[in-house]
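Here the structure comes first, spelled out in structure tokens, and everything after it is commentary.
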Amino acid sequence: MNAKVEKLSNKVIITCAVTGNLTKPEQSPYLPITPGQIVEACLGAADAGAAVVHIHVRDPVSGAPSMELALYEEVVNLLRAKNPELILNVTTGPGGRFVPSPQDPKVAAPGSTLVVPERRVEHIAALRPDICTLDLNTMNSGAEVVINTPANVRRMAKVIREAGVRPEIELFDSGDIALMHDLLLDGTLSGPLLCSFVMGVKYGFQPGPETVLYARNLLPPAAQFTAIGIGRSMFKMAAQSYLAGGHVRVGLEDSVYLTKGKLASSNAALVEKVSRIVQDLGGEIATASEARSILQLAEPKSQVGPSPRSERDHSSAAR
């Protein structure tokens, strides 16, 4: 193990990414869509051993990705009311995609989501979760381009810092790690860092033990990391992440399959499987309280904003 990266605990933190924004409802009937379903998925993942839940929200009717503050607010407040110890990691990824028009590539075509950086983090300022993601990638993504310029990242990081939220730096290729070091040098970021390597996106880091070790060895001292496998590499990269000294992540955002050809019936089933993998390899699973200590997070926050509407409290009923 690189001497620069020190494992601060023998405990392994499981994060569950319960819904995401790229997984489509037609890929799995078990994908949580409504706020109530997302909350129940998070609570089930926590019961199965996840200390952290990674949260996106979706339009409750169409299932399409959403950036609506009210949806984030409902999910966050319900989770804080039902499981205050659970660590909430909320996305800031939506709002960074550009689709060039075939007739004029500088004009956005349908599917573009680009908005000003502050719009992408307004829910973070309002709700102050424990953690939020901060993507550093500018890259091809299918027919689209994800754009996170250094200037825009700095503007988002400023809002995150002022909200007192811990950023999880999402890294999709080695150039993103170079940018992260620049952001450390100019004070945009401060250590110790919490990082994730996203592996399996077609034009980014490719999943494999060599990639995990290469990325890990580029990190600054005392950084905590998770290697995330997308698609069929999800469980393999969880094992590699643990063996390299990192934490693990699973969830229907990353893969809808429990085994080859068999859909996962819940996020909890994915957490149960990765927990077994880690423990079979000799690891110990961190509780949410232990994870707070490992990640140097503040005590759980109380509810922010209006109380959740009771009629949605049980909205995990069939869609």
Side-chain angles (χ1 to χ4, degrees), residues 13-21 23 25 28-60 63 65-66 68-94 123-124 127-133 165-166 168 196 226 228 234 247-256 258 264-275 285-292 295 297 300-305 307-310 312-317 319:
I13 298 168
I14 299 176
T15 295
C16 186
V18 298
T19 189
N21 69 337
T23 307
S28 172
Y30 308 110
L31 186 71
I33 300 295
T34 69
Q37 290 164 355
I38 292 169
V39 168
E40 291 306 314
C42 290
L43 295 173
D47 288 343
V52 182
V53 287
H54 177 58
I55 298 167
H56 290 248
V57 293
R58 294 174 178 267
D59 181 279
S66 177
E68 289 300 315
L69 175 59
L71 295 174
Y72 281 114
E73 183 178 79
E74 185 168 357
V75 170
V76 167
N77 282 342
L78 277 169
L79 285 172
R80 284 175 171 161
K82 290 173 175 288
N83 188 342
E85 192 65 39
L86 183 61
I87 297 170
L88 306 186
N89 176 333
V90 178
T91 187
T92 68
H123 59 302
I124 304 303
L127 300 174
R128 305 192 304 279
D130 303 290
I131 301 169
C132 71
T133 55
V165 175
R166 179 86 183 270
E168 179 190 27
S196 58
T226 301
I228 300 169
M234 180 174 68
H247 303 291
V248 301
R249 183 177 113 166
V250 294
L252 292 176
E253 172 175 350
D254 300 336
S255 177
V256 297
L258 185 65
S265 61
S266 66
N267 281 279
L270 298 174
V271 173
E272 289 168 356
K273 180 172 178 176
V274 82
S275 177
I285 305 304
T287 66
S289 178
E290 290 168 336
R292 282 188 181 276
L295 299 177
L297 298 175
K301 298 180 175 70
S302 60
Q303 183 174 294
V304 176
S307 298
R309 288 167 286 177
S310 59
R312 284 200 178 179
D313 196 26
H314 301 290
S315 60
S316 56
R319 296 188 283 279

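Just so it is clear, the values below take in all heavy atoms, side chains as well, and ignore hydrogens, waters and symmetry mates. Keep in mind the model is a prediction, meaning the values are calculated, not measured.
Closest approach of Arg292 and Pro84 over heavy atoms only: NH2-O, 3.9 Å. In terms of heavy atoms, Cys16 sits closest to Ala50 at CB-CB, 4.1 Å. The shortest heavy-atom contact between Ser275 and Ile285 is OG-CG1, 3.6 Å. Across every non-hydrogen atom of Leu71 and Ser66, the tightest pair is CD1-OG, 3.4 Å. Heavy-atom minimum distance, Val165 versus Cys132: CG1-N, 3.6 Å. Pairing each heavy atom of Asn267 with each of Ala17, the nearest pair is OD1-O, 3.7 Å.
Under 3.5 Å, the side chains of Thr19 and Arg58 contain a donor-acceptor pair of N or O atoms.
In this structure, CG in Leu270 is found 12.0 Å from CD in Glu253, a value given to the nearest 0.5 Å. Here Ser266 contributes atom OG and Leu252 contributes atom CG; the two are 7.5 Å apart, rounded to the nearest 0.5 Å. The distance from the OG1 atom of Thr287 to the CD1 atom of Ile13 is 9.5 Å, given to the nearest 0.5 Å. Interatomic distance, Thr226 OG1 to Ile228 CD1, rounded to the nearest 0.5 Å: 6.5 Å. One finds the CD1 atom of Ile124 at 7.5 Å from the OH atom of Tyr72 (value rounded to the nearest 0.5 Å). Separating the SG atom in Cys42 from the CG atom in Leu78 is a distance of 10.5 Å, to the nearest 0.5 Å.
Side-chain atoms of Val250 and Lys273, non-hydrogen and from C-beta on, never get closer than 4.5 Å to each other. In this structure, the side chains of Val57 and Glu68 stay at 4.5 Å or more apart for every pair of heavy atoms. Contact check for Val256 versus Leu31: no side-chain heavy atoms found under the 4.5 Å cut-off. Side-chain contact between Pro65 and His56 is absent, with no heavy-atom pair separated by less than 4.5 Å.
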> Can you check side-chain contact (heavy atoms from CB on, under 4.5 Å) on Thr15 and His247, steps first, answer last?
Replying inline: CA-CA 8 Å; Thr15 295; His247 303 291; over 6 Å; no
> Under the side-chain contact (heavy atoms from CB on, under 4.5 Å) criterion, do Thr133 and His54 qualify, and how do the steps go?
Replying inline: CA-CA 9 Å; Thr133 55; His54 177 58; 3.4 Å; yes
>> Is there a side-chain contact (heavy atoms from CB on, under 4.5 Å) between Met234 and Val274? Walk through the geometry before answering.
In response: CA-CA 9 Å; Met234 180 174 68; Val274 82; over 6 Å; no
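Put simply, the residue from Asn83, Val76, Val75 that forms a side chain to side chain contact (heavy atoms under 4.5 Å, CB included) with Leu79 is Val75.
Although no hydrogens or angles enter the test, the distance criterion places a donor-acceptor pair under 3.5 Å between the side chain of Gln37 and the main chain of Ile33.
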